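Accompanying notes for the structure given below.
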Amino acid sequence: MNCEVCELKELVVEQFEIREVLRCILHTIIFHRALGLVRPRDINCELFELTYVQCGVPEVEKEIEEKITEFISKISKHPNRRSHQVCLSFYETKDKQPAWFSSKTERVYWERWFINLQITNQRVNMKPNQTKVGFDPGEKLSSLEEKLHRTALETSVRENLFQIIKFVNEKMDHLPHIPPNAEGISYPYEITILSSSESSLDMLKRMLQTGHQTTLS
């Protein structure tokens with residue numbers, strides 16, 4: 001099966017912005033690939049003038065929060081590394097070729113989404129709604145820089161959302177068959193974090209060389 005790949009535009013984020021940015025993008029992708037019956041919920045971003053849609057499935061929300069927490073924990077262990085990737089993969093489960101010693105199943109990946117983040121540490125400890133106090137001459141410049149950064153990030157997130165919508169509307173021939181009367185999340189998926197030594201290009205090269213789909217570590 002052909003595995004389609006979508007590499008989203010890189011987003012420059014500060015550490016306190018990571019959770020909200022990943023929530024927005026991951027939920028948007030999963031919602032557009034949840035072709036079964038769901039109860040969508042409109043969510044207003046805490047940091048931006050943006051609204052995205054969640055599927056309204058508690059298990060999905062819980063898993064996304066856990067994976068984001070894991071991602072934040074991992075990047076904190078590599079403070080000098082700025083570029084990071086999160087991969088959202090959709091797959092089918094199929095039986096392996098029967099053998100006398102085994103009858104296991106395998107995952108066949110048919111779509112991967114790479115979310116690229118460039119982490120900046122200018123305001124590591126600042127909370128989303130935290131404001132500064134005082135009249136330091138450098139404060140106005142800092143506030144202006146913060147506003148410019150937030151505006152640029154909101155624009156980039158919006159471009160990512162349009163890229164997602166464009167991709168899901170154009171790339172449909174590779175979608176697996178949906179069972180009749182499917183409910184909720186139609187396709188199984190996994191969210192993984194690329195190791196510090198492997199990029200999406202490295203992973204795709206490895207897939208081509210081996211001739212089969214490969215899971216991320």
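Note that the structure is a prediction, hence the values are computed from the model and not measured. Sequential numbering from 1 along the given sequence is applied to the chain's residues.
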Less than 4.5 Å apart, any side-chain heavy atom of Leu22 and any of Leu117? yes
Rounded to the nearest 0.5 angstrom, the CD1-CD1 distance for Ile164 and Ile115 is 7.0 Å
May I ask you to decide if Thr69's main-chain N or O and Ser73's side chain share a donor-acceptor pair within less than 3.5 Å? no
Quick check: is Leu88 connected to Ile18 through a chain of hydrophobic side chains (ILVMFWY, heavy atoms under 4.5 Å apart)? yes
Tell me every residue that passes salt bridge (charged side-chain N to carboxylate O under 4.0 Å, His left out) with Glu70, counting only those two or more places apart in sequence or in another chain. Lys67, Lys74
Taking all heavy atoms of Ser76 and all of Pro79, pick out the closest pair and write down the distance. O-CD, 3.8 Å
Using the six-membered ring wherever Trp is involved, compare the ring planes of Tyr187 and Trp110 and label them parallel, tilted or perpendicular (cut-offs 30° and 60°). perpendicular
Which distance, rounded to the nearest 0.5 Å, do you find between the SG of Cys6 and the CZ of Phe167? 5.0 Å
For the side chain of Glu20 and the backbone of Leu47, is there at least one donor-acceptor N/O pair under 3.5 Å apart? no
With sequence neighbours left out, what residues match Arg158 under salt bridge (charged side-chain N to carboxylate O under 4.0 Å, His left out)? Glu154
Tested for salt bridge (charged side-chain N to carboxylate O under 4.0 Å, His left out) against Lys62, the lone hit among Glu66, Glu59, Glu65 is Glu66
Is there a chain of hydrophobic side chains (I, L, V, M, F, W, Y, each step under 4.5 Å between heavy atoms) that links Leu144 to Val12? no
Are Cys24 and Leu161 packed together at the side-chain level, in the sense that at least one heavy-atom pair is separated by less than 4.5 angstrom? yes
For Ile165, the rest of its hydrophobic cluster, which grows through side-chain links under 4.5 angstrom: none
Could you tell me if the side chain of His27 sits less than 4.5 Å from the side chain of Glu61, heavy atoms only? yes
Check whether Arg81 reaches the backbone of Ser83 with its side chain - one donor and one acceptor, N or O, closer than 3.5 Å. yes
State, yes or no, whether a side-chain contact exists between Val168 and Phe31 at a heavy-atom distance under 4.5 Å. no
From Leu26 CG over to Trp113 CH2, what is the distance, rounded to the nearest 0.5 angstrom? 11.0 Å
Taking NZ, NE, NH1 and NH2 as the nitrogens, is one of them in Lys171 or Glu111 under 4.0 Å from a carboxylate oxygen of the other? no
Nearest-0.5 Å distance that lies between atom CG in Leu11 and atom CD in Glu17: 10.0 Å
Looking only at heavy atoms, which two atoms of Arg150 and Phe16 are closest? And how far apart? NH2-CZ, 3.3 Å
Please check if Ile68 and Val157 belong to a single hydrophobic cluster, counting links between Ile, Leu, Val, Met, Phe, Trp and Tyr side chain heavy atoms closer than 4.5 Å. yes
Quick check: closest heavy atoms across Glu7 and Gln163, and the distance to 0.1 Å? O-NE2, 3.0 Å
Does the side chain of Arg23 reach to within under 4.5 Å of the side chain of Gln54, using non-hydrogen atoms? no
Output the distance between atom CZ (Arg112) and atom OH (Tyr189), rounded to the nearest 0.5 Å. 16.0 Å
Does some side-chain heavy atom of Asp42 sit less than 4.5 Å from a side-chain heavy atom of Val53? yes
Should we count CG of Asn169 as having more than 12 external heavy atoms under 6.0 Å? yes
Shared hydrophobic cluster for Ile191 and Val60 (ILVMFWY, side-chain gaps under 4.5 Å): yes
With Phe114 as reference, evaluate Val5, Leu8, Val86 under the side chain to side chain contact (heavy atoms under 4.5 Å, CB included) test and give the passing residue. Val5
Is any side-chain heavy atom of Leu153 less than 4.5 Å from a side-chain heavy atom of Val21? yes
Does any non-hydrogen side-chain atom of Lys147 lie less than 4.5 Å from one of Ser143? no
